[in-house]
Amino acid sequence: MDDAMSEELYQAIFSRRSVRKYEQGGLDAAALKQVTDFAASTRPLFPGIRTETRLMGPDDVNGIFKVAAPHYLAIYSENRPGFEANAGFLLQQADLFLSSIGLGSCWQGGPKPVRGMRRLSGLDFVIMLAFGRPAEPAHRERAEFKRRALSEISSLTSEPEILEATRLAPSGMNNQSWYFTGGEGTVHAYAARSIMTEEMNRINVGIALAHMWLAAGHEGRRADFTLDEGAGGSAPRGYSYVATLRLGPKGA
Ligand SMILES: Cc1cc2nc3c(=O)[nH]c(=O)nc-3n(C[C@H](O)[C@H](O)[C@H](O)COP(=O)(O)O)c2cc1C
């Protein structure tokens with residue numbers, strides 16, 4: 001993905017919203033190709049994990065909280081440590097892309113592909129986005145985001161611009177199940193532990209990390225994700241470690 005595209009995605013952070021009403025007619029083949037080409041160009045959080053995305057129609061998907069849309073973009077993954085956050089990181093780039101070209105999208109945590117489509121080339125289904133032409137506003141004003149204050153999701157005093165873009169990330173049931181610690185140039189990301197929503201909470205953190213990476217790029221900073229053994233041991237109470245972001249200096 002080039003810098004111009006990542007800047008487009010960064011700008012979409014401040015106006016995107018979930019769309020749950022779609023026009024009946026599907027997108028034409030050229031528009032769908034634009035979406036699948038984009039999905040093939042997304043950057044992974046953990047490049048060692050094999051994933052694949054698959055375009056689906058309404059008959060391929062069922063389950064609770066299903067948003068009726070003409071199209072769905074599902075992600076499948078190898079089951080390796082970090083796969084949930086990696087899937088969230090990849091598909092959030094598609095969510096922002098769809099918003100940036102005026103289409104609507106909505107993450108789908110409840111629905112699943114129908115039986116027989118839950119595995120693909122040896123990979124397991126993780127999560128999907130509904131998308132299509134919106135029949136309700138696909139954008140909102142910045143003041144309309146309902147999110148927790150930065151002080152509730154982070155102990156960091158540095159990197160305010162990057163954390164602000166992160167704070168606005170969407171999450172399942174808007175639970176904002178993330179916490180960030182660290183210092184100048186380092187951000188450790190944690191997911192709230194849960195019996196019911198552990199996997200979704202880790203997907204949510206991947207989504208937030210996608211916003212963090214795009215914000216770093218906007219600031220002209222290099223962003224590398226690593227796993228830091230030390231940070232794993234010092235997780236805040238009730239949270240488990242996901243990943244660490246190392247930020248380069250401005251303009252380097
Ligand atoms: C992992 C994940 C799963 C979600 N699952 C659903 C879902 O099954 N049905 C739905 O209507 N919305 C779903 N959402 C959308 C959230 O409810 C929405 O992102 C959140 O309330 C914030 O609102 P916004 O996206 O308009 O900013 C999901 C979001 C995420 C990130």
Side-chain angles (χ1 to χ4, degrees), residues 9-22 42 45 51 53 56 58 60-77 82-100 102-114 118 124-132 134-150 152-153 164-179 189 191-194 196-214 242:
L9 301 189
Y10 171 76
Q11 294 300 338
I13 288 174
F14 304 97
S15 63
R16 66 153 293 288
R17 67 186 285 275
S18 292
V19 169
R20 296 188 174 86
K21 291 199 180 99
Y22 293 89
T42 49
L45 176 62
T51 60
T53 52
M56 292 182 179
D60 303 325
V61 176
N62 59 25
I64 53 162
F65 306 126
K66 177 178 163 184
V67 165
H71 308 290
Y72 298 84
L73 184 66
I75 187 161
Y76 293 75
S77 177
F83 81 91
E84 308 96 326
N86 190 53
F89 189 91
L90 285 163
L91 227 44
Q92 183 55 13
Q93 294 166 58
D95 174 68
L96 293 168
F97 174 70
L98 291 162
S99 177
S100 77
L103 294 178
S105 65
C106 185
W107 279 91
Q108 296 283 271
K112 294 196 178 355
V114 293
R118 298 196 182 156
D124 291 320
F125 166 75
V126 185
I127 192 148
M128 66 174 88
L129 288 178
F131 72 96
E136 64 178 8
H139 300 114
R140 60 156 74 100
E141 296 297 321
R142 197 159 165 173
E144 290 165 355
F145 279 85
K146 293 191 173 68
R147 299 291 190 268
R148 291 188 204 167
L150 214 47
E152 292 179 51
I153 59 158
E164 176 58 14
T166 308
R167 188 181 76 85
L168 298 177
S171 53
M173 296 173 293
N174 205 18
N175 73 358
Q176 301 161 69
S177 58
W178 41 61
Y179 198 82
R193 287 179 196 270
S194 162
M196 296 292 289
T197 62
E198 183 81 22
E199 179 171 315
M200 195 182 70
N201 289 357
R202 297 183 79 80
I203 292 172
N204 290 339
V205 172
I207 294 172
L209 290 174
H211 282 206
M212 206 176 262
W213 162 61
L214 292 168
V242 178

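In each ligand, atom 1 is the first atom listed, and ligand 1 is the first ligand listed.
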Would you say P170 and Q92 make side-chain contact, with heavy atoms under 4.5 Å? yes
Check whether any side-chain heavy atom of N174 lies under 4.5 Å from a side-chain heavy atom of R147, and answer yes or no. yes
List the protein residues in contact with ligand 1, where contact means a heavy-atom separation under 4.0 angstrom. R16, R17, S18, R20, F65, V67, C106, W107, Q108, G109, G110, P111, I127, R140, R147, P170, S171, G172, M173, N174, M200, N204, I207
Does the plane of the ring in W213 sit parallel, tilted or perpendicular to the ring in F89? Use 30° and 60° as the thresholds. tilted
CA sep, side-chain torsions, deciding dist, call: T51, S77, side chain to side chain contact (heavy atoms under 4.5 Å, CB included): CA-CA 4 Å; T51 60; S77 177; 3.8 Å; yes
Do the charged groups of R202 and E199 touch, with an N to O distance under 4.0 Å? no
Kindly write out the residues that satisfy ring pair (Phe, Tyr, Trp, His ring centres under 6.0 Å) with F145, not counting sequence neighbours, or none if the list is empty. none
